[in-house]
Each structure stands twice: as structure tokens, then as C-alpha cells.
Asker: 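Sharing a structure, written as C-alpha cells. Questions coming.
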Amino acid sequence: MRIVDIIEKKRDGHALTKEEITFFIEGYTNGEIPDYQASALLMAIYFTDMTDEERANLTLAMVASGDQIDLSAIDGIKVDKHSTGGVGDTTTLPLAAMVAAVGVPVAKMSGRGLGHTGGTIDKLEAIDGFHVELSTADFTQQVNEIKMAVVGQSGNLTPADKKIYALRDVTATVSSIPLIASSIMSKKIASGADAIVLDVKTGDGAFMKTVEDAERLAHAMVKIGNSVGRKTMAIISDMSQPLGLAIGNALEIKEAIDTLKGNGPEDLQELCYVLGSQMVVLGGHATTLQEARAQLEEVVANGKALQVLREFISAQGGNADVVDHPELLPQAKYITQLVAKQSGYIAKLEADDIGTAAMLLGAGRATKESEIDLAVGLVLNKKVGDYVEKGESLVTIHANRQAITEVEQKLYQHIIITEQAVQAPTLIHTVITK
């Protein structure tokens, strides 16, 4: 078998066999196939697409390129959630606690963030004493006992994906549905979950800018998951404005706690219920999404989900007092208000640029080497569709330095106020169950 023949076959629009795909993944991962030939094949895939079978085989070949986590010692159906990312996406903590409180095990491996704010692991480190590394035995025991654990990604998961992603980034092949779908799903499958729920974002702050493109990606990933034996569902959710109100690590932890108390932002609370309903159904604790949602609403109302969060924080060495005393989280030295220069309706909160403003404060990483300031960030006081009076606060800025003129300027540029009333965006565009 020769890689040049495989490139030619794909270039001409033919489907590759499982053996041909495996030959490529193994050869490229171990260095036998050079970047220039891998680039040619990726570009051929970009232009000629892949069949459902090819996508599944590509995903499984990438899974097989490295370590695979065995979660079989954990009781029950393990359900994982993946979001394609956005600004203020605080769902993991409240969602996992809700689902765990219903009895569905959530054994989650998360990463650090590169961009607007930290990843889930960075956010958790805003809790004093919290540690994100557990032995396999402790991880398993914790999930069996309290149904929830979140640790940093470790081991050599999907090295083929890491190598291919770096190549896609410099060859203009990032925005290929089969390549995106196999990249995401290979990591989820290698992480050992039995079932997967996907939150595919669309809008200004998302990778997939249109609902149609987001639906294509979601359907591709659901088909891959189901075809390789992982029960998979998805939703398409809005990211034209930041999710929730908080953008920043400690600020988002507080928002997660508020959500479990039933006092969270309306959009974040709703998204957790929609995603959680799918997780509970896939976990076998409900037969319908409506029944699952009722269970989730009950564990929030009776405080059981909040208690799971306390136990989770304590089990991983953190100070669980933050649940009742969020002032124990890192606090910024300077808190200022960005006030409206005119009265009117919020027409746009351009998510990407507002996220960049938070990063300029130090809430996120511009490079892998950047240090995150866990205390700083933004809290929105208005969302799209809300009315604001001149002089009223649009955003509360939490900073550890007094000079934040560039942050204020960026926020003013990307918070658009109009005289005409504006409709709030639809939060959930589509629910995909098969």
C-alpha cells in the first residue's frame, strides 16, 4: 500500500477503505508519512468529503493511535458532555452536579483553556486547595461514591489527532466537517465514556457561524458516535452573545454555584437542563427528555445537586465552604462599572470580542505560556434585547490593575445599543436525538 495511491483515490472522490485510513493514521503518527503527503490527503478530504463509514473509521483509527481510558470499574452508564466552545461557557460544573445528583455517573477529563478564559481545570483551581490530578483508583472510587469527578487530561490520548490538528491549522483545512467531527469524537471515545452529549455552538462567538453548518457538524458527530457503539445526542445552541453573565474563572465558579441554587442566569440554567436531560436519558435514568428534566429540576430545588458539588469539591481537596461563601474565591482589587453612553436596547453583545476583552484583563491565555489571573473578568449586567438607560451599568469589570482603557474601549466597540427594540436570540436551535 502506498500513500500516494490513497491521496489519488481520495482526490478523485472515491471512498477509502478502513485499511487505507488505518495505514495513513499509523504512518503519519509514527513519522513514516511526511507532512507534505498528509497535507495533500487532508486537502483531498476537504474538497471531496467522506462517507459516514469513512468518518467512523477515521475516528477509530485516531482513537487507536494512543492510550484509551478504561472506565469499566465505574458502575453504570458513564455519560460525557462536550461543548464546541464559546464565551462564558460555564456549563460543565452545574451540569455535572445536576446529572450526578440524579444518579448518572459523570467521569470527566477536561483541559486547560487557550483563549478568552481558562478551561474547566483552570476554573476549578480558583477554589483553594482543589487538585485536578487523581490516581485511577481514586478517580474510580470517587465516581462510584458521589457520581462525579473532574480531572485534567493525562496520558497519550489520540496523538494522531494532535499531529493532524496542528497540520490542519497551517494548511487551511480546519473547517472540514469530517476532520472536525473525527477530531472531537476521537478524544471523547478515547476518554472511555459509554455515551456522549454534544453542545454544538453557533453564532458570532462560535466556530460554526451558521445554524446550518452547526447542524451538519452535529449530525456528523452523532452518526460517528452511534456507529461505533457510543450512544450520542446533540443540541445546537446560541453563541451570538456570551452564555450567562460571568466571563472569568472565579466569577464563573460563583455563577455555577448560583445556578445550582436555582439563581443562575436564565440562559445558563436552561442550557444545563436541556443538556442534562439528554445525559439522564442516555444514562438510563429516564425514558423521555421531559421525565429527565423533571428529575433535574427536582435535585436543584431540593438542594441535592448543590450537595453533590460540595462533596465533589471536598473529595478533590478543595474548600467546600466556597459554596456558601463565594467571597472565599479569588477577588479582584478593582471593580468598576462600564456605563451606557446612551439609552436604548442592547442589539449586540459580540461574543468573541467581549471574550477578548476579558483575556486582556488576564482571564485567559494569549499563548500556552501565559499566566491566568483567576480573579479577573467581566460580569454582564445586560443581555441582548434588554433596555438600558444612559449612565446605567452595562458590564462590571473585575481587574487587578487600574489602567484598563483598552478593555473599556473594546467593550464599547462591541456592545451595540439601538433605539429600536430587539428580540433576544433563540438559545436552543435544534435538539438531535439520533
Side-chain angles (χ1 to χ4, degrees), residues 56 59-60 63 67-83 91-110 120 134 136-151 153 155 157-158 181 184-200 218-219 221-235 271-300 304-305 307-309 311-312 315 431-434:
T59 303
L60 288 177
V63 170
D67 297 341
Q68 297 178 55
I69 307 298
D70 182 4
L71 301 180
S72 60
I74 296 173
D75 301 328
I77 299 171
K78 282 71 71 181
V79 186
D80 200 357
K81 183 272 302 183
H82 176 79
S83 167
T91 52
T92 293
L93 276 186
L95 177 61
M98 287 179 195
V99 172
V102 170
V104 176
V106 181
K108 186 144 187 66
M109 275 151 269
S110 291
T120 300
L134 294 174
T136 302
D138 288 343
F139 182 73
T140 300
Q141 182 180 352
Q142 183 175 317
V143 180
N144 279 331
E145 288 179 357
I146 65 173
K147 301 298 180 188
M148 177 180 174
V150 181
V151 295
Q153 289 174 342
L157 293 183
T158 62
I184 292 171
M185 293 304 291
S186 64
K187 290 190 284 283
K188 291 289 107 181
I189 292 164
S191 296
D194 301 313
I196 302 161
V197 169
L198 302 161
D199 180 10
V200 181
H219 280 292
M221 291 192 291
V222 169
K223 283 181 179 178
I224 287 171
N226 287 327
S227 69
V228 301
R230 303 296 198 278
K231 297 177 183 176
T232 308
M233 292 185 183
I235 70 164
L271 185 60
C272 286
Y273 284 141
V274 172
L275 290 168
S277 297
Q278 291 192 339
M279 293 175 76
V280 172
V281 168
L282 291 180
H285 281 251
T287 54
T288 68
L289 295 174
Q290 293 77 12
E291 181 190 340
R293 183 181 179 119
Q295 292 180 38
L296 294 167
E297 290 175 348
E298 183 180 355
V299 295
V300 170
K304 190 174 178 183
Q307 182 56 28
V308 167
L309 184 70
E311 293 172 3
F312 157 70
V431 176
I432 298 166
T433 56
K434 57 183 178 181

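Please read all numbers here as calculations on a predicted model, not as lab measurements.
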Asker: Checking Arg293 against Val274 for the side chain to side chain contact (heavy atoms under 4.5 Å, CB included) test, could you report, in this order, the C-alpha distance in whole Å, the side-chain angles of both residues, the deciding distance, and whether it holds?
Answerer: CA-CA 7 Å; Arg293 183 181 179 119; Val274 172; 4.2 Å; yes
Asker: Quick one: does Lys78's side chain have a donor or acceptor within less than 3.5 Å of a partner on Gly76's backbone?
Answerer: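 Checking the backbone N and O of Gly76 against the side chain of Lys78, a donor-acceptor pair under 3.5 Å is found.
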Asker: Which pair of heavy atoms, one from Ser191 and one from Lys187, lies closest together, and at what distance?
Answerer: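 In terms of heavy atoms, the two residues are closest at OG-O, 2.8 Å.
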Asker: For Met233 versus Val222, what's the shortest heavy-atom pair and its separation?
Answerer: C-CG2, 4.0 Å
Asker: Keeping the roles fixed (side chain from Gln295, backbone from Val280), state whether a donor-acceptor pair exists under 3.5 Å.
Answerer: no
Asker: Which distance, rounded to the nearest 0.5 Å, do you find between the CG of Leu296 and the NZ of Lys304?
Answerer: 11.5 Å
Asker: In Å, rounded to the nearest 0.5 Å, how long is the span from CG of Asp199 to CG of Leu271?
Answerer: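 Asp199 atom CG to Leu271 atom CG measures 5.0 Å (nearest 0.5 Å).
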Asker: So do Leu289 and Val281 actually touch side chain to side chain, heavy atoms under 4.5 Å?
Answerer: yes
Asker: To the nearest 0.5 angstrom, please state how far the SG atom of Cys272 sits from the CE atom of Met279.
Answerer: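 Rounded to the nearest 0.5 Å, the SG-CE separation comes out at 10.0 Å.
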Asker: Given Val79 and Val99, is the side chain to side chain contact (heavy atoms under 4.5 Å, CB included) satisfied, shown in steps?
Answerer: CA-CA 9 Å; Val79 186; Val99 172; 5.7 Å; no
Asker: Evaluate side chain to side chain contact (heavy atoms under 4.5 Å, CB included) for Ile77 paired with Val104, printing each intermediate quantity in order.
Answerer: CA-CA 7 Å; Ile77 299 171; Val104 176; over 6 Å; no
Asker: Please table the atom pairs, donor to acceptor, closer than 3.5 Å between any side-chain atom in residues 142-149 and protein atoms at least two apart or in another chain.
Answerer:
from: Gln142; atom 1: NE2; to: Met148; atom 2: O; distance (Å): 3.0
from: Gln142; atom 1: NE2; to: Gln316; atom 2: OE1; distance (Å): 2.9
from: Asn144; atom 1: OD1; to: Asp75; atom 2: N; distance (Å): 2.8
from: Asn144; atom 1: ND2; to: Ala73; atom 2: O; distance (Å): 3.2
from: Asn144; atom 1: ND2; to: Thr140; atom 2: O; distance (Å): 3.4
from: Glu145; atom 1: OE2; to: Gln141; atom 2: NE2; distance (Å): 2.9

Asker: How about Phe312 and Leu309: do any of their side-chain heavy atoms sit closer than 4.5 Å?
Answerer: yes
Asker: With rounding to the nearest 0.5 angstrom, report the CD1 to CD1 distance, Ile69 to Ile189.
Answerer: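 Reported value, rounded in 0.5 Å steps: 13.5 Å.
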Asker: Taking the side chain as everything from C-beta on, heavy atoms only, tell me whether Val197 gets closer than 4.5 Å to Leu282.
Answerer: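 They are in contact (side-chain heavy atoms under 4.5 Å apart), so the answer is yes.
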Asker: Can you find a heavy atom in the side chain of Lys81 that is under 4.5 Å from one in the side chain of Val106?
Answerer: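 Of all side-chain heavy-atom pairs linking Val106 with Lys81, none is under 4.5 Å.
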Asker: Starting from the C-alpha separation in whole Å, work towards a yes-or-no answer on side chain to side chain contact (heavy atoms under 4.5 Å, CB included) for Met221 and Ile196.
Answerer: CA-CA 10 Å; Met221 291 192 291; Ile196 302 161; over 6 Å; no
Asker: Is it true that the side chains of Lys108 and Thr92 contain a donor and an acceptor less than 3.5 Å apart?
Answerer: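 No, no side-chain donor-acceptor contact under 3.5 Å.
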Asker: Taking all atoms of both residues into account, what is the closest heavy-atom pair of Ser227 and Ala56, and its distance?
Answerer: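 Closest approach of Ser227 to Ala56, heavy atoms only: OG-CB, 3.5 Å.
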Asker: Where is the tightest heavy-atom contact between Thr158 and Val63, given as atom of each residue plus distance?
Answerer: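 Closest pair (atom of Thr158, atom of Val63, distance): CG2-CA, 4.2 Å.
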Asker: Using atom types as modelled and distance alone, determine if a side-chain donor or acceptor of Gln278 lies under 3.5 Å from a backbone N or O of Ala234.
Answerer: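 Yes.
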Asker: Give me the atom names and distance for the closest heavy-atom approach of Ser186 to Thr59.
Answerer: N-CG2, 3.6 Å
Asker: So which atom in Leu71 and which in Ala193 form the shortest heavy-atom distance, rounded to 0.1 Å?
Answerer: CD1-N, 4.1 Å
Asker: May I ask you to decide if Arg230's main-chain N or O and Thr232's side chain share a donor-acceptor pair within less than 3.5 Å?
Answerer: yes
